[in-house]
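A quick write-up on the structure given underneath.
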Amino acid sequence: MASYPPKLIDRLFVRRGDITLERVDAIVNAANPSLLGGGGVDGAIHRAAGPGLLDECRRIGGCNPGEARITGAYNLSARHIIHTPGPVYRGGSSGEREILRASYANSMTLVKEYSLRSVAFPAISTGVYGYPAADACEVAVRTVLDFMLDTGYLADVYFILYDSINYTIYNNFIESLR
Ligand code: AR6
């Protein structure tokens, strides 16, 4: 397993709360392949952003699991929303890890392409989609660090955890990398 320079780990921040309130260049939405909204964080983002977001998502026409699309953020304080459907967890041997990794990596690719300085991620796939939280955390954090290591593009990356279990898991895992 790769070990990471402190200057990369220092760009990661763990917060507990509602991602729709984050003032960052982009927040990431744990979407579904229709991009037309749903429950969980997706529902919260669409409600807070307003109907313009749904119109723009409709024009995109969908997104495969692991891919990512960027839109405006409408009524949110963020500047952009990056939408990525994570994998539905079906026991772990159906390529879930690779798809989850792709969701984080493709989101970071958009961060770089749009020269964004800050991005906030939720714990993709750990709600309705059922991905075990500790495994998902490891994929999320390592994929973001690997991206920064491989590309040299550094951004402030906020992991916004809605529940205390995920919050503890992220804090402990990032601490273990130091
Ligand atoms: N801010 C941050 N995190 C949140 C928020 C919020 N406002 N609300 C929930 N979470 P989920 P998934 C956390 O179910 O598993 C939707 O219907 C939540 O506690 O939102 O990727 C989509 O349309 C959990 O840890 O997303 C898809 O159909 C994490 O966000 C499906 O759910 C992800 O939970 C996607 O499922």
Side-chain angles (χ1 to χ4, degrees), residues 12-51 53-71 73-92 94-108 110 118-141 143-144 156-174:
L12 308 184
F13 304 91
V14 179
R15 285 191 193 157
R16 193 168 168 202
D18 176 357
I19 202 168
T20 65
L21 303 176
E22 289 295 318
R23 291 180 169 275
V24 284
D25 286 345
I27 65 167
V28 177
N29 181 16
N32 65 60
S34 78
L35 298 185
L36 299 180
V41 68
D42 192 9
I45 288 172
H46 274 270
R47 272 194 304 280
L53 176 60
L54 185 58
D55 287 344
E56 187 175 355
C57 286
R58 211 173 261 130
R59 288 196 293 277
I60 293 172
C63 179
N64 291 322
E67 295 179 0
R69 302 285 185 272
I70 191 164
T71 67
Y74 301 88
N75 298 333
L76 298 183
S77 304
R79 289 170 51 211
H80 302 275
I81 302 170
I82 294 170
H83 306 261
T84 181
V88 176
Y89 193 78
R90 295 193 171 89
S94 306
E96 293 93 332
R97 188 182 176 87
E98 290 69 27
I99 296 170
L100 189 61
R101 197 172 164 82
S103 282
Y104 284 94
N106 287 321
S107 296
M108 289 301 293
L110 286 171
S118 56
V119 58
F121 284 97
I124 298 167
S125 283
T126 66
V128 175
Y129 281 180
Y131 206 114
D135 292 351
C137 165
E138 189 163 328
V139 172
V141 172
T143 305
V144 165
D156 289 333
V157 178
Y158 296 86
F159 293 104
I160 311 300
L161 294 321
Y162 204 55
D163 58 277
S164 62
I165 293 176
N166 257 314
Y167 180 72
T168 304
I169 287 171
Y170 270 76
N171 274 313
N172 289 345
F173 183 63
I174 291 171

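The chain is numbered in sequence order, starting from 1. Atoms within each ligand, like the ligands themselves, are counted from 1 in listed order.
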Ignoring hydrogens and geometry, is there a side-chain-to-backbone donor-acceptor pair from E96 to R90 under 3.5 Å? yes

Short side-chain to backbone donor-acceptor contact, N32 and G37, under 3.5 Å: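 Pair found, side chain donor or acceptor close to backbone of G37.
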
Quick one: which ligand 1 atoms are inside 4.0 Å of a heavy atom on [X]?
X    : result
D42  : 22 (C), 23 (O)
A30  : 21 (O), 22 (C), 26 (O), 35 (C)
G17  : 1 (N), 2 (C)
G38  : 17 (O), 23 (O)
D163 : 19 (O), 25 (O)
T126 : 15 (O), 24 (C), 25 (O), 29 (C)

Can an N or O of [X] be found at a distance shorter than 3.5 Å from an N or O of ligand 1?
X    : answer
G39  : yes
D18  : yes
G130 : no
A31  : no
G40  : no
T20  : no

Relative to the ring of Y104, is the ring of F121 parallel (under 30°), tilted (30 to 60°) or perpendicular (over 60°)? tilted

Go through the steps for N106 and T84 under the test side chain to side chain contact (heavy atoms under 4.5 Å, CB included), then give the verdict. CA-CA 8 Å; N106 287 321; T84 181; 5.9 Å; no

Have a look at A123, A133, P122, P65 and point out the one with the heavy atom closest to atom 33 (C) of ligand 1. A123

Can you figure out which of Y162, F159, Y89, Y129 has its heavy atom closest to atom 10 (N) of ligand 1?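 Selected option, by shortest heavy-atom distance: Y162.
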
Any heavy atom of P85 closer to ligand 1 than 4.0 angstrom?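 Distance cut 4.0 Å: P85 fails for ligand 1.
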
Answer yes or no for G86: is there a heavy-atom contact with ligand 1 below 4.0 Å? no

Just let me know how N166 lines up against ligand 1, side chain, backbone, both or neither, with a heavy-atom cut-off below 4.0 Å.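 For N166, only side-chain atoms sit under 4.0 Å from ligand 1.
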
Using a 4.0 Å heavy-atom cut-off, which part of A44 comes near ligand 1: side chain, backbone, both, or neither? side chain

Of the protein's non-hydrogen atoms, which lies at the shortest distance from [atom], and what is that distance?
atom                    : answer
atom 14 (O) of ligand 1 : V128 N, 2.8 Å
atom 21 (O) of ligand 1 : S125 N, 2.8 Å
atom 15 (O) of ligand 1 : G127 N, 2.8 Å

Quick one: CD1 on I19 to CG on L76, what's the gap to the nearest 0.5 Å? 10.0 Å

Test R97 against Y131 for side chain to side chain contact (heavy atoms under 4.5 Å, CB included), laying out the working first. CA-CA 9 Å; R97 188 182 176 87; Y131 206 114; 3.6 Å; yes

